[in-house]
Structure formats: C-alpha cells, structure tokens
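Okay, so here's the structure we're looking at.
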2 protein chains.
Amino acid sequence: MERTRATPKPAQGGPAGPRVTRDAVLDTAMRLVMETGTEGLSMRKLAAELGVAVTSIYWHVGNREALIDELVERVLQDMGTIRVTGRTPVTRIVSIAQANRRMILDRPHLISLVRERGLESLMMLPARRALVREFAAAGVHGARAALAVQAVQFQVAGFVMLERALTGHPQEPAQVQAWLAEVAEGDPELADNLHTPGAPDALFDVAVRSMVESLLRED
Amino acid sequence: MERTRATPKPAQGGPAGPRVTRDAVLDTAMRLVMETGTEGLSMRKLAAELGVAVTSIYWHVGNREALIDELVERVLQDMGTIRVTGRTPVTRIVSIAQANRRMILDRPHLISLVRERGLESLMMLPARRALVREFAAAGVHGARAALAVQAVQFQVAGFVMLERALTGHPQEPAQVQAWLAEVAEGDPELADNLHTPGAPDALFDVAVRSMVESLLRED
DNA sequence: ACCTGAACACCGTTCAAGT
DNA sequence: ACCTGAACACCGTTCAAGT
C-alpha cells in the first residue's frame, strides 16, 4: 500500500546514485529469509550484507514490520493461480486441494513469513476462489458452500503447517519416545507406520478425498 | 529428564534458605507464558519478577531452552486423559477428536510452548492412544489404522493451530479485503459465511465426522 | 535525497568472584 | 550451595547530523 519511498531508476552519467535501492534491500532480505527463515532476518545482518549502515535500511523500508509486509506481498504475487484438473466434482476439488498444498510446500519461505505475521489466510486465497467455483458447479451454494470451502481449506492449511513440524524432528524428549512405543503395543505394523511420517501425499489424498465425498453427498 | 539442580525443602529454623527455588522460577515463568506467550518470556524479565539477578536464573534452570523444555513437561502432565463417549465407532472416534481439540484450545499456553519448540506431536499423544484403541475396536489394524489415526490427528492439530490464526485478525492488508470480497460475488450468503469465522465447532464436527465415516467404510 | 555514527533500551549467555 | 556484577555479542529503533 504505502511504500515508504519510491525507488528511482538508476541514473547513468548523472550524480552518483544511491548506495542501495529499496529493491536491493528487499531482494537481499528475501534471500536471507529463504536461507534462514524470518528468524534469521535481522536489520543489522541485512545492512551488513548490503555494506551499508543499519540506519540506511530504515530510511528505505521504514522498519522491520514494514519490511516483512513487503516481502509477504512479493511472495503473494509469486503464488500464481490454481490449475484444476479432473472431470468429476470430487477429483476436481481434490486437485485444487493438492495444488494448494503443493504451492505452499514449494515455498517454505511463504510459511515462515506467514507465520510471523499471522497471515495464514493470505496463502489460501487463490485456492479459495477455485473452490468456490467448483462447489458452485457441483450445486453447493450459500452457507453450505461456505462450510465446505472452509472445511477443505482448514484441512489443507493444517496439513501443510503440521507435516513439516510433525515429520522433521529427530530428537524428541526421551519420555516421548517411550510413550510412542507404548501406544501401539501388540500391533507392530501399526507401530511402524505410526512413527514414520510415511507417505504424507497418500495420507493427504485419503483425508481430503474422503472429506470432499462426504461434503458432496446430499443429506 | 536431567534437572539442572534439585530443589530442597525450604528449611525453617536453619540457615537462611535460597532466595528463589527452582520451582519458584518455573512457576513464575509459566505465569509469564500464560500472560504474554513464549515471546513475552525473557530471562531478564523473569529475574526481575523474582527480584533476583539474571544469572541466578541460569544457575537454577540452565538456560532458556531448558527452561522451556521444563515448562512443556509441566503442561504435558496437566493434559490429562481423553474421555471417550458414544456407542457407535464413528461417534466414539469423533468424540476423541473433539476432546483433543477442546483440551488444546483450553490451554493457549500449550500452543505457544509447543510452537516455539516444534513439539506439536506431544500434544497429540493422549488422543493418539485413544484413537488406536477405538480404530482397533472397529476392526481397523496395521497400516490402515496408522493412516486413519494420522488422518484424524492431522485434522485436529491443523484445525487448532489454524482456527486461532484464521479467525482473530481484524486488520488485514487492504488488498486482501478486496480479494476476499471478489471471491464470492453473486452469492451474498456464501460471502457472509465465508468471511465470518462462523461456528468453528460445527465446521470441525462436519469435517471430522465426514472423514471418519469414510475411513471406516470398507473399500 | 540519501547516508552516517551515537545512543537507547532491550535480548541471551558466560565467567570470575563473592558468601 | 547459591547469588552477584561485569562483560560480550547480539537485537530493533530513534535522532541529530552530515553530504
């Protein structure tokens, strides 16, 4: 919305241009976020990376919050649109959910940014549009459509935010290991598949498909 | 596991006891987390609150990470057990999911702690145990049971982590407001119910129930 | 218009020293 | 056993001052 300063075209033969531009600041900031997440982005590191005093960053972008806002907007531009495939309502809607999940998983920095600012709803917008359209085509309208769309999107967003957290943790407190082992005693096949993250793709597919089928069933 | 120091009983008439005990540190830390979340818990504020030098905290609990670990363990103790109600497999399993969600929502500090340390799996353990039992009683075992349990728990955890993020944000960037308005044009009833968080309880119920029904259906 | 250093108020953590 | 102050290496942010 309100950029702090406009970035002028770099003048060629005129007076020496600025040492950094607003765009350069944002580019470097985005690179830092992609490399180390939001918690690895500090105003001072950013300034050092650009070879400039910290205070210069403030002149270009305002403050850290405004900087993150700008990064969020950039990533949103990059989200693209949802491709819907399939011919039955169920497969088409499931394909939207899958594309939504893929889009987010392919952009880990998006999760980091969105978490920091509590903007989870933003990353669901393109898919939301597509879901509204598909449910309408399947004859679901009004309050029932709202419920269906939200149910699918909660599923997608929750799945994405969790599968990274629930799968990637090698060292858990010892007590937890013991509890986990105890949960499935007597069914070793269950135990194996319960602890290994397994195939999140298959899990996601089953979960979403079963829910969509129920949502589309007349009651 | 390995507590940094043991907390002795406060001696009555003997030599003057310690100015703070390990338990007092943990109590105050927990209070700070409940009031302001993990990001409001700093070693220095904690020391000030206890009327003691910062370095004293370090002697009692090691460092901030160990302190948080200890708080997590405390909250886990407090999680209690899952009450299963209902007579059909579907209602019993849905009741577990609902109790799981309630337990977490009733403990906002649990979410804060678990997020900071990436221990999402911990808060799912009691319900996991109950789910394994109920799916087994319904004749679901082995890999299929693992899939079913994980599907339900991803649903629960995702729902909980999201419903706070997706519902509570009054001021979103202006561009988002515009997008939201555009998504549901032509169906005002849909628009209303899509933007208002509405009834997350009902939404959760529909989502979980429909998924459990599918998971229990023979294929 | 653009950049600087100094300064303020915060962090977590270590260490040597006190009793 | 328990606590202290000093110190280090970090933060975000403001401000007056330079060109």
Side-chain angles (χ1 to χ4, degrees), chain A residues 2-29 32-33 36-71 112-113 116-117, chain B residues 2-29 32-33 36-71 112-113 116-117:
Chain A
E2 7 69 318
R3 6 191 82 219
T4 314
R5 301 285 184 265
T7 303
K9 295 276 182 192
Q12 283 259 4
R19 298 169 56 92
V20 286
T21 62
R22 183 187 155 85
D23 279 340
V25 170
L26 294 176
D27 286 344
T28 306
L32 285 180
V33 168
T36 58
T38 20
E39 75 274 15
L41 172 68
S42 84
M43 303 298 271
R44 298 178 112 106
K45 253 191 278 184
L46 178 54
E49 201 86 5
L50 287 161
V52 95
V54 211
T55 42
S56 183
I57 306 291
Y58 281 83
W59 191 87
H60 280 290
V61 297
N63 58 21
R64 190 173 187 276
E65 195 183 335
L67 171 59
I68 301 248
D69 277 349
E70 197 59 37
L71 294 183
S112 182
L113 285 168
E116 161 123 4
R117 303 280 285 115
Chain B
E2 8 66 317
R3 7 190 81 217
T4 313
R5 300 285 185 265
T7 303
K9 294 277 182 192
Q12 283 261 1
R19 297 169 56 91
V20 285
T21 63
R22 183 185 155 85
D23 279 342
V25 171
L26 294 175
D27 287 344
T28 307
L32 285 180
V33 168
T36 57
T38 20
E39 74 275 13
L41 172 68
S42 85
M43 303 299 269
R44 298 179 113 106
K45 253 191 278 185
L46 178 54
E49 200 88 4
L50 287 160
V52 94
V54 210
T55 43
S56 183
I57 306 290
Y58 281 83
W59 191 88
H60 281 289
V61 297
N63 56 22
R64 190 173 187 276
E65 195 183 334
L67 170 60
I68 301 246
D69 277 349
E70 197 60 37
L71 294 184
S112 183
L113 285 168
E116 161 121 3
R117 304 279 286 112

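Within every chain, numbering begins at 1; the chains are lettered A, B, ... in the order of the sequence lines, protein sequences first and strands thereafter. Reckoned from all heavy atoms, side chains included, excluding hydrogens, waters and symmetry mates.
Base-pairing analysis of DNA chain D finds the following stems of at least three consecutive Watson-Crick or G-U pairs, with both pairing distances under 3.5 Å: C:4-8 with D:12-16, C:12-16 with D:4-8.
When side chains are defined from C-beta on, A:Val61 does not count as touching A:Glu70, because their heavy atoms never get closer than 4.5 Å. Proximity of A:Val54 to A:Tyr58: side-chain heavy atoms (C-beta onward) are separated by under 4.5 Å at one or more points. At a threshold of 4.5 Å between non-hydrogen side-chain atoms, the residues B:Val52 and B:Val25 do not count as touching. Side-chain contact check for B:Leu67 versus B:Met43: some heavy-atom pair is nearer than 4.5 Å.
The two atoms that bring B:Thr38 and B:Arg64 nearest to each other are O-NH2, 2.9 Å, heavy atoms only. Considering all non-hydrogen atoms of both residues, B:Ala24 and B:Leu50 come closest at O-CD2, 4.1 Å.
Taking atom C1' in both C:dC11 and D:dA7, one finds a spacing of 14 Å when rounded to whole Å.
The phosphate of D:dC2 (OP1 or OP2) has no side-chain N or O of B:Ser56 nearer than 4.0 angstrom. Residue A:His60 has a polar side-chain atom (N or O) positioned under 4.0 Å from OP1 or OP2 of C:dC3.
A:Trp59 has its CH2 atom 7 Å from the P atom of C:dC3, to the nearest Å. To the nearest angstrom, P of D:dC10 lies 16 Å from CG of A:Leu41. Atom pair B:Leu50:CG and D:dC3:P shows a separation of 10 Å (rounding to whole Å applied). Residue A:Asp23 contributes atom CG, which lies 13 Å from atom P of C:dC2 at whole-angstrom precision. The CD1-P distance, from A:Ile57 to D:dC11, rounds to 13 Å in whole Å. As rounded to whole Å, 13 Å separates atom P of C:dC3 from atom CG of A:Leu46.
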So which protein nitrogen or oxygen atoms get under 3.5 Å of nucleotides 13-16 of chain D's nitrogens or oxygens?
from   : atom 1 : to      : atom 2 : distance (Å)
D:dT13 : OP2    : A:Tyr58 : OH     : 3.2
D:dT13 : OP2    : A:Arg64 : N      : 3.0

Q: Let me see the working for B:Glu39 and B:Glu116 under side chain to side chain contact (heavy atoms under 4.5 Å, CB included), right down to the final yes or no.
A: CA-CA 9 Å; B:Glu39 74 275 13; B:Glu116 161 121 3; over 6 Å; no
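For the pairing with B:Leu41, the side chain to side chain contact (heavy atoms under 4.5 Å, CB included) check across B:Thr28, B:Leu113, B:Leu71 returns one residue only, B:Leu71.
Checking C:dC3, D:dG5, D:dC11 against the side-chain heavy atoms of A:Lys45 singles out D:dC11 as nearest.
Rounded to the nearest 0.5 Å, atoms CG (B:Leu46) and OG (B:Ser56) are 10.0 Å apart.
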